[in-house]
Amino acid sequence: MPPAGFEQNARAAGTPTCRHGPDAVRMGRKTASPAVLALLAVALALTVAMLAFASHQYHSQVMTEAENRSAAIARVLEEHAARTLGIHAMTLSHLEWMVDDLGWDRIDASPLLHERLKALASQTPEVQSYWIIDEAGRVRASSFEWPMRVLSAADREYFRAHLGAGNAIHIGPRLSGKILSEIFFTLSRRMELPGNRFQGVAQISLLPGYFADFYRSVLHDPRDVVLLLRDDGRAIVREPLNSAPNDTEIGHFPELLTTPDANGTFRAVTSFDGVERVLARRKVPNLPVYVVYGTDVASIDAAWRDRVAPYALFAIPSIGLLGLLGVIAVRRSRQAADAQEALRSANEALESRIAERTRHLDQALADKEVLVRDIHHRVKNNLQVILSLLELQAQRSPELEAPFSEALSRINTMGLIHEQIYRSTGVSSVRIDDFIEALVGHLSSFHRRPGREIAIRHDVEPVAIDVNRVVPFALILNEVLSNAFKHAFADRCSGTVTITFMAEDGMLHLTVEDDGTGAPDPEPAPRPARRSMGMDLIRAFTRQIHGEYRFTHNDGTRFDLVFPREDEAS
C-alpha cells in the first residue's frame, strides 16, 4: 500500500497514477537526450571550429606582424648604416682634399694633418682612427701619432682593392690593428691624381662594438639577430655575437644575400646557430654593405601560442555552457576581428602620413646638406686664394712680412671658425672648447721656432656661443695669443700660456695669462701714429659683443674678458 499522501502529491504535480508514471519518465528522457546531445555536439563543433579558425588567423597575423616588424627594423638599420657610413665616406673626400692641398712633403714635416685627424677621431664614438697611405702602401699620417713610424699597409685588403681603378669606396673585413690590438673594420677611399692616376688611400678604422651596441638596442627579442654584411657575405658585425669579441672572423653567409625574398622578407636557417628565422635584408645605398634582421620562428610560434591560449581556456567552459556561450564566443570573436581591422586600418593610415612626412623631411635635409657642402667648398677655396695671394705678396715685399703674417693668422682663425660652424651643420652655435683646442694647435704650429718651446694649457668649459658673436670672440683670442707668442717670451726659450674659459651668473669669462717677461703696454699712445692695430681690433670686437677687457702686468701678462652669455641684440 503506498504511503499516505502519495496519491494526493501525484495529482498535485499533474502526474498520472503510479502504474503509468515510470514509463512516462523514461519516454521523456529519450525524447530529451537526442536534443541535448545534438546541442552539445553543435556547441562542441562550433567551439572547436572557432578555436581552429582563430588559431589559424592569429598564426597568420603573428607571422605577418613578425615579417612587417623585421622589415621595419631592417629599414631603421639601413638608414643608420647609410647615415653613419655615408658621413664617414664624405669625410674621406675631405681628407683627399687635405692631401691635395698639403702634399706629402708638408704632411711629413708638419703635425697639422695629424692634429686634424686626431680632432676628427675624437668627435665620433664609432671611429677608432684615421689613416693616410701613399701609392706605395706607406702610412704617411694617422690620428695615432706624429711623426709617423715606418709602417706599411700594402698587405691590407683595402689597399689592394684600391689599386684597380673604379673602386671608390671599399668596406674591409674585421681586422686586428698593427699598433693597437683592437678589432675594427675599414672604410676606405681611393685617392687619385689628374688622369685617374693612383695617389693612395684614405682610410677610417671603425669599431664594430659601436654598431653592436646600437643593434642590441633595437632587438625585439633576445633570440633575434642583426648582421652587417659585406657584399661578399662576410660578416662585419653580428649581434648577438656568441663568440669572443676579439675574433676577426665571425662568419661568411653569402646565402643570406642570394636567397630570394618576397616583399622584403624570406625564411631561412642561419648557419651559425641552426635556427630558423624570418629574415629581412636591406642594401645600404651607394655602399657595398647589407643589413639583415632575423626573427626567431620559435619566438613567433610562442607569441602565437600566448595569443591563442586565452581563447583555448575560454573554449573549455564553453563546451559545458553549450550553445549559449558558443554564440557569445562567436560574437566576441567577430567584435575582436572588427576592432583589429579598424586598428589596422588606422595604423596603415597613420604610417602612410608618417612616411609621406618623412620623405619631405629627407628631401629638405638632402637639399640643405648639398647647399652647405657647396658653401663650405666655395668659402674654403676663397680663403685659400686669399692666403696664397698674401703669401705671394709677402715674398715679393719682405718689409711687409710682419703685418702679412698677422693677416695670415687672422684669416686662418676665421677659417677655423668656418670649419667649426660647418662641423655643426644645422646648429646655431659653436662649441668653444672644440674651437679653442683647434686654435691652440694652429697658433702653436704657426709660431713654432727652432729652440723655443711655448706650452699652452687650457681649461675650457663646454660652452656654446651663437654664430653672430663667435667671430669677434675668436679674433680677440687670436690677437691676445699672438701678442703673447711675439712679445711675452722674447728673451726666453720656454714658457707657458694658460687659457681659462667659464660661464658664471649669465656671463662668460675668458682669461689668458702667460709667465713671460711681460708684453709691452698694449694701450695705444696718445699720438695716433703709434696706435696698435691689434688693440684697435680687441677694443672694437669687445664693444661688438658688449663686453669689457683688462690687461694686468705682474710676473707676466694677464688678459681678462667678460661678456654676456646671451646676445643682447637678440
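Each residue takes its place number in the sequence, starting with 1.
Looking at S176, its side chain never comes within 3.5 Å of a backbone N or O of S181 through a donor-acceptor pair. Using modelled atom types, no side-chain atom of R174 and backbone atom of I250 make a donor-acceptor pair closer than 3.5 Å. In terms of modelled atom types and a separation under 3.5 Å, the side chain of D224 and the main chain of D296 share a donor-acceptor contact. Formation of a donor-acceptor pair under 3.5 Å by the N483 side chain with backbone atoms of K486 is not found in this model. The backbone N or O of E192 lies less than 3.5 Å from a partner atom in the side chain of E96, making a donor-acceptor pair. The backbone N or O of A74 lies less than 3.5 Å from no partner atom in the side chain of R282, so there is not a single donor-acceptor pair. In this structure, the side chain of E461 engages the main chain of A503 through a donor-acceptor pair within 3.5 Å. One N or O on the side chain of S482 and one on the backbone of N478 form a donor-acceptor pair closer than 3.5 Å. Side-chain N or O atoms of R281 include one that pairs as donor or acceptor with a backbone N or O of T259 at under 3.5 Å. Between the R197 side chain and the P194 main chain, a donor and an acceptor come within less than 3.5 Å of each other.
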Could you go through I465 and V430, starting from their C-alpha distance and side-chain angles, then the distance that decides it, and tell me whether this counts as side-chain contact (heavy atoms from CB on, under 4.5 Å)?
CA-CA 5 Å; I465 297 181; V430 175; 5.9 Å; no

side-chain contact (heavy atoms from CB on, under 4.5 Å) for L112 and M98? Distances and angles first, verdict last.
CA-CA 10 Å; L112 177 60; M98 292 181 187; over 6 Å; no

Going through the checks in order, is the ring pair (Phe, Tyr, Trp, His ring centres under 6.0 Å) test met by F435 and F501?
CA-CA 12 Å; F435 166 72; F501 186 82; over 10 Å; no

Assess whether salt bridge (charged side-chain N to carboxylate O under 4.0 Å, His left out) is satisfied between D362 and R359, documenting all intermediate values.
CA-CA 5 Å; D362 288 344; R359 283 193 294 271; over 6 Å; no

What do the steps show when you test Y293 against H220 for side-chain contact (heavy atoms from CB on, under 4.5 Å), and what is the final call?
CA-CA 10 Å; Y293 186 89; H220 179 74; 3.5 Å; yes

side-chain contact (heavy atoms from CB on, under 4.5 Å) between Y130 and L113, worked out
CA-CA 10 Å; Y130 287 82; L113 182 57; over 6 Å; no

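When all heavy atoms of E78 and V284 are compared, the closest pair comes out as CG-CA, 4.3 Å. S188 and L92 get closest at one heavy-atom pair: C-CD1, 3.7 Å. The two residues W146 and D108 make their nearest non-hydrogen contact at CZ2-O, 3.6 Å. Looking at every heavy atom in both residues, A235 comes nearest to L229 through CA-CD2, 3.5 Å. The shortest non-hydrogen separation linking P125 to L207 is O-CD1, 3.8 Å. Y158 and A153 make their closest contact through OH-CB, 3.5 Å (heavy atoms, listed as atom of the first residue, atom of the second, distance).
Residue L227 holds its CG atom at 14.0 Å from CZ of F211, rounded to the nearest 0.5 Å. One finds the CG atom of L151 at 8.5 Å from the OG atom of S142 (value rounded to the nearest 0.5 Å). Distance CG/D101 to NE2/H94: 12.0 Å, rounded to 0.5 Å. Taken to the nearest 0.5 Å, the CD1 atom of I454 stands 12.0 Å off from the CG atom of L481. Taking CG of L85 as the start and CG of L206 as the end, the distance is 6.5 Å to the nearest 0.5 Å. Note that CG of L287 and NE2 of H170 are 12.0 Å apart. Values are rounded to the nearest 0.5 Å.
The environment of E437 atom CD is sparse: at most 12 non-hydrogen atoms of other residues, nucleotides or ligands sit within 6.0 angstrom. More than 12 heavy-atom neighbours from other residues, nucleotides or ligands sit within 6.0 angstrom of CG on D100. Around CG of N246, the count of heavy atoms belonging to other residues, nucleotides or ligands within 6.0 Å exceeds 12. Within 6.0 Å of the CG atom in N242, the count of heavy atoms belonging to other residues, nucleotides or ligands exceeds 12. No more than 12 heavy atoms of other residues, nucleotides or ligands shown are found within 6.0 angstrom of CZ on R457. The number of heavy atoms from other shown groups lying within 6.0 Å of CD (E453) does not exceed 12.
Using bins of under 30°, 30° to 60° and over 60° for the plane-to-plane angle, the ring pair H59/W304 lands in the perpendicular bin.
R565 has its side chain within reach of V463: a pair of non-hydrogen atoms, C-beta onward, lies under 4.5 Å apart. Looking at heavy atoms from C-beta onward, P208 lies in side-chain contact with F185 at the 4.5 angstrom threshold. Two residues are said to be in side-chain contact when any heavy atoms from C-beta on lie closer than 4.5 Å; F144 and W131 meet this criterion. Counting only heavy atoms from C-beta outward, the side chains of R230 and V289 never approach each other to under 4.5 Å. Using a 4.5 Å cut-off on side-chain heavy atoms (C-beta onward), F253 and T270 make no contact. At least one side-chain heavy atom of H442 sits under 4.5 Å from a side-chain heavy atom of L439. Side-chain contact check for I132 versus L117: some heavy-atom pair is nearer than 4.5 Å. At a threshold of 4.5 Å between non-hydrogen side-chain atoms, the residues I432 and F473 count as touching.
Ion pairing of R277 with D221 is absent here, as no side-chain N (NZ or NE/NH1/NH2) approaches a carboxylate O to less than 4.0 Å. Of the charged side-chain nitrogens involved, at least one lies within less than 4.0 Å of a carboxylate oxygen, so that D155 and K178 count as a salt-bridged pair. Salt bridge status for R234 with E157: absent, with no side-chain N to carboxylate O gap under 4.0 Å. Using a 4.0 Å cut-off between charged nitrogen and carboxylate oxygen, E79 and R75 do not count as a salt-bridge pair.
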